[in-house]
Amino acid sequence: MKQIVFATNNPHKLEEIRQIAGTNLKILSLAEIDCHDDIPETADTLEGNALIKARYIKEKYGYDCFADDTGLEIVALGNEPGVYSARYAGKDCNPQRNMEKVLNKMKGIENRQASFRTVIALILGNETHLFEGSIPGEITTGKRGDAGFGYDPIFQPTGYSLTFAELGEEEKNKISHRAIATGKLLQFLRNIL
Ligand code: IMP
């Protein structure tokens with residue numbers, strides 16, 4: 001069976017993709033290849049960071065590999081927080097502080113369009129492939145709902161009257177940026193493996 005490493009330390013992401021991938025593809029975690037490194041994410045684009053992580057594993061451990069990076073891109077803020085989504089509020093950031101910062105910056109702004117965007121970089125042998133998934137929506141004026149994580153309580157996908165945090169994980173995972181990018185990756189792998 002084909003083995004491939006998913007360069008993430010997030011057990012939820014790993015479980016989610018293992019479920020979607022089924023039994024034809026063995027997806028290894030970083031722990032399973034004995035990688036406990038703090039892989040640097042120093043690029044200033046989502047594509048760049050996904051590539052850094054995937055290349056790091058391929059070069060240091062020799063495994064075919066994929067890695068993802070996600071950001072919330074808000075039109076009126078010049079696509080901020082984007083690649084800096086996880087640490088938007090600075091040194092003592094956490095999801096609550098990150099959301100407060102967004103809500104404060106968006107006070108009084110009418111154009112609330114935003115999207116979540118995920119990029120997955122895949123390295124197979126000496127080939128590199130990129131897959132992207134994005135979902136449009138808008139930034140709400142306050143937090144709503146308590147499911148999910150990150151910016152879910154302030155993001156309402158287009159065509160819905162609920163935020164990601166109100167929709168709940170099952171509904172969100174059917175339509176999310178990550179689901180779209182992951183679907184493209186798995187479709188590609190199914191066709192070639
Ligand atoms: P990562 O690249 O998947 O680690 O995502 C970077 C950051 O983007 C996270 O720390 C969250 O702040 C935010 N983020 C990523 N995906 C989501 C999501 O599905 N909902 C809400 N926030 C997200």
Side-chain angles (χ1 to χ4, degrees), residues 6-17 20 27 29-30 37-57 65-74 77 79-106 112-122 130-140 142-158 160 162-185:
F6 183 13
T8 183
N9 287 312
N10 182 328
H12 299 289
K13 285 190 192 172
L14 200 62
E15 191 44 42
E16 182 182 293
I17 199 159
I20 306 173
I27 298 175
S29 66
L30 290 176
D37 309 355
D38 194 8
I39 306 174
E41 293 189 36
T42 48
D44 58 6
T45 60
L46 300 174
E47 287 79 1
N49 274 342
L51 280 166
I52 287 178
K53 287 186 272 186
R55 284 190 181 131
Y56 182 96
I57 297 302
C65 177
F66 62 90
D68 70 340
D69 204 31
T70 296
L72 172 63
E73 299 180 330
I74 303 174
L77 302 183
N79 283 344
E80 275 187 23
V83 72
Y84 306 108
S85 293
R87 48 209 148 108
Y88 195 43
K91 203 162 72 60
D92 296 319
C93 63
N94 59 36
Q96 294 306 323
R97 289 192 179 143
N98 289 341
M99 283 190 286
E100 292 301 337
K101 181 166 178 183
V102 167
L103 290 175
N104 283 334
K105 283 200 158 202
M106 291 297 287
R112 309 199 65 92
Q113 287 173 72
S115 52
F116 271 115
R117 191 163 70 90
T118 292
V119 175
I120 297 177
L122 167 71
L130 291 175
F131 304 91
E132 184 182 288
S134 76
I135 177 159
E138 59 185 57
I139 302 299
T140 53
K143 298 176 205 160
R144 298 198 328 250
D146 42 31
F149 71 101
Y151 297 88
D152 281 348
I154 61 167
F155 182 83
Q156 182 170 300
T158 301
Y160 291 77
L162 301 175
T163 65
F164 265 171
E166 292 173 314
L167 275 176
E169 251 167 79
E170 201 177 321
E171 280 309 303
K172 174 190 163 188
N173 288 341
K174 287 182 196 156
I175 58 168
S176 80
H177 43 300
R178 205 164 11 259
I180 296 167
T182 304
K184 289 181 184 170
L185 166 77

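Keep in mind that this is a model prediction, so the values were computed, not measured. Each ligand, and each atom within it, is numbered from 1 in the order the structure gives.
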More than 12 heavy atoms of other groups within 6.0 Å of Asp146 CG: no

Gln156 versus Arg144, side-chain donor and acceptor atoms under 3.5 Å: yes

Ion pair check, Lys172 and Glu169, cut-off under 4.0 Å: no

With Lys13, the side-chain hydrogen bond (donor to acceptor under 3.5 Å, both in side chains) member among Thr182, Asp68, Thr70: Asp68

Residue contacts for ligand 1, heavy atom to ligand atom, distance under 4.0 Å: Lys13, Asp69, Thr70, Ser85, Ala86, Phe116, Phe149, Gly150, Tyr151, Asp152, Lys172, His177, Arg178

Pairs flagged by side-chain hydrogen bond (donor to acceptor under 3.5 Å, both in side chains) wherever residues 85-94 is involved - sequence neighbours left out: Glu80-Tyr88

Ring geometry between Phe164 and Phe155 (parallel below 30°, tilted from 30 to 60°, perpendicular above 60°): tilted

